[in-house]
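This report concerns only the one structure given below.
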Amino acid sequence: MGALTRGERAYTTAVVTAAVAVLVGAAGLVAGGSGDARAAGGAVVLGEGELDLTPRLVDGELQLQIDDRSGDTPVVREPSAVVLHVPQLSLQYTPNPAANALGTTDQDTWQLNGWASEDLFAPEPGWQGAEAGGDTEVALAGYEGPGDFGMFTYTQEMDWSDEAPDIHLGSTGDAPRSFTLSGDEERQLPIWMFTAEGVHRLTFTVTRGTATDTETLAVVVGDDVDPADVLPGDGSTPTTTPTPTGTAPPSPTATSPKGHVIAKGHVDLAARKVDGALEFQLKEGSAEDYDWYQPGEVVFHVTPVARRKIPQGYDFLGTPGDPVWWLPLSQHPDIVWPGWSTADWAKQEIDGRFTYRLDSVRGPGSVALFSDGALGGTDVQFNSGDGLPDATTINADTHRHTYWAFTAEGVYRTTWTWSATLADGRKVSDTETIAWVVGDDVDPSTVTPGAGDEPTATPTATASPSSSAPASPSPSVSSSGPPSGSPTAGPPSSVSGGGSTGGGTGSGGTGTDGGAALGSTPAGGLASTGTGAAVLVGIAGAALLMGSTAVIAVRRRRTAR
């Protein structure tokens, strides 16, 4: 099974020691691994970390088992005693050639071991054939689920070439039903793909010579179903849809006794023109369908879907590999998408540019806003972890998005000031505090909006609202006008010089902030080169980082040509 190897991620699995008990059922589970999370029938929920499906000889018989290395102590488990959870954050782009070879439509799917997997908290299932005594045939003997399943090897480099993906297994009519697992020492790490949320049951049969074993693995995809309520193996799901216990985000239009909770969808932190003055307000919705709110009426909820690992090169957020709650540059259907807008104002109404400033942060961790640098690296505009205030500027009639990151769960209060000088010389400003709930440790419906009324951490800094000078602002490349709702990224040529015409890649509309030079680091994250080359760098960085639907749509269109 040489074709199944992903060389750059090859791993030699340590031989399981005799001290690790071989489990026959849930009653014999060994302490360790991720066994603290239990499912219906005493099964173990595996929601993150490394594991291998391993056919091995046990007392002369071939058995398919799971080597769970997600905890401090390796544990051997029976597939029928496990529920594998594919979290919502694993939703990402499906390469065209892989989708076509599997006979599925070109779409975004839930993937394990996909391109963004190293920075996600998700299971990492591999295959290890070294303990079967030789090559083993692995067959998908049965499949039940709400969509399709596929397993393939497809690297990022292959996406830009004519090399075809290696399809190993699939539930569709066009996909193979078996592959040969090599008996060498190398761990195999293919991509597992699911096209729909819900409960999937994969029945695998492993065969070597006359020895054979069949096991069924239950897989819960997405967060619509709580994996703790699902019976393992070939058991049936509950007859009624279970109520998720803290895994599903609240409705994007949820209203609590204390404030309006926004957990997903587009929001503009806007400098709004009201009676000729500036008011800081929040606009929720698309260009055609929206509502305005005062910041003191809203609680933003950053749901667990946003939880991921700090990537290498982002040390300003903490130690790489530690958790961070990350709001992507492009819209994700299950994560709130806050941007910045001065679309109410014409350029001739303002003397210079608007300034938006982060005055203070109260909460359990730090808050950072940043973009991909035009020629690589990261442009950090705001970071409460190294002191505040921080500020940047933006033209009138402009719309902009950046990444947001929160380093810990809990309640945050961020105080912001919008300010500008009008064309007649009048100085206008407005300062407001926005409440955030990060994670599920706190019910957002119980949190008072705005400045709040509960004890919180000491603010990182406090600036006078009258101080509007930016802290070394960078020139930006942004666009005017609100987004059109669902993001649609165009080809690179449509982005060069000042953002795309859609709302999905961080800047929407037609107007641009001018003056960005080649090699500069714009606040919007992209420099204008006239050729789109720097834009490609920024898009590629965002794609590698998030596997996000809108950014990868640019690559999808190129591949389809």
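- Checking K309, R308, R307, R69 one by one against E48, the salt bridge (Lys or Arg N to Asp or Glu O under 4.0 Å) holds for a single residue, R307.
- Ion pairing between R56 and D67 holds under the 4.0 Å rule for side-chain N and carboxylate O.
- A distance of 7.0 Å separates OG of S117 from CG of L189, quoted to the nearest 0.5 Å.
- A donor-acceptor pair is defined here as one N or O able to donate and one able to accept, closer than 3.5 Å; no such pair exists between the side chain of T205 and the backbone of A139.
- Judged purely by atom type and a 3.5 angstrom limit, T195 uses its side chain to pair as donor or acceptor with the backbone of D148.
- Residues D334 and Q88 have side chains that bring a donor and an acceptor to within less than 3.5 angstrom of each other.
- Other residues, nucleotides and ligands contribute over 12 non-hydrogen atoms within 6.0 Å of the CD atom of E137.
- Atom CH2 of W127 and atom NE2 of H168 lie 11.0 Å apart (nearest 0.5 Å).
- Of the options V86, V221, L202, a side-chain contact (heavy atoms from CB on, under 4.5 Å) to W192 is made by L202 and by none of the others.
- Of the residues V261, V437, V438, I262, the one that meets the side-chain contact (heavy atoms from CB on, under 4.5 Å) test with F300 is I262.
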Exercise. Output, in order, the C-alpha distance, side-chain angles, deciding distance and verdict of ring-ring contact (aromatic ring centres under 6.0 Å, His included) for F149 and H200.
Key: CA-CA 8 Å; F149 162 74; H200 302 247; 8.1 Å; no
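- With values rounded to the nearest 0.5 angstrom, R77 atom CZ is found 9.0 Å from I66 atom CD1.
- For R208 and D135, the salt-bridge test fails: no basic side-chain N is under 4.0 Å from an acidic carboxylate O.
- A donor and an acceptor atom, one from each side chain of D174 and T172, are nowhere located under 3.5 Å apart.
- Although no hydrogens or angles enter the test, the distance criterion places no donor-acceptor pair under 3.5 Å between the side chain of R201 and the main chain of V199.
- Side-chain contact of S286 with H266: a donor-acceptor pair under 3.5 Å is absent, judged by distance alone.
- Between W404 and W337, the gap from one ring centroid to the other reaches at least 6.0 Å.
- Legend: residues meeting side-chain contact (heavy atoms from CB on, under 4.5 Å) with A211, ordered by chain and number and at least two apart, are L62.
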Exercise. Apply side-chain contact (heavy atoms from CB on, under 4.5 Å) to the pair F406 and V324, showing each step before the final yes or no.
Key: CA-CA 6 Å; F406 299 80; V324 67; 5.9 Å; no
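- For the residue pair T109 / Q111, a side-chain donor-acceptor distance below 3.5 Å is found, with atom types taken as modelled.
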Quiz prompt | Steps toward salt bridge (Lys or Arg N to Asp or Glu O under 4.0 Å) verdict (E50, R187) | solution = CA-CA 11 Å; E50 192 176 275; R187 183 185 187 221; 3.4 Å; yes
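- Side chains of S182 and D184: a donor-acceptor N/O pair is present below 3.5 angstrom, by distance only.
- In the model, T402 has no side-chain atom that pairs as donor or acceptor with a side-chain atom of S371 under 3.5 Å.
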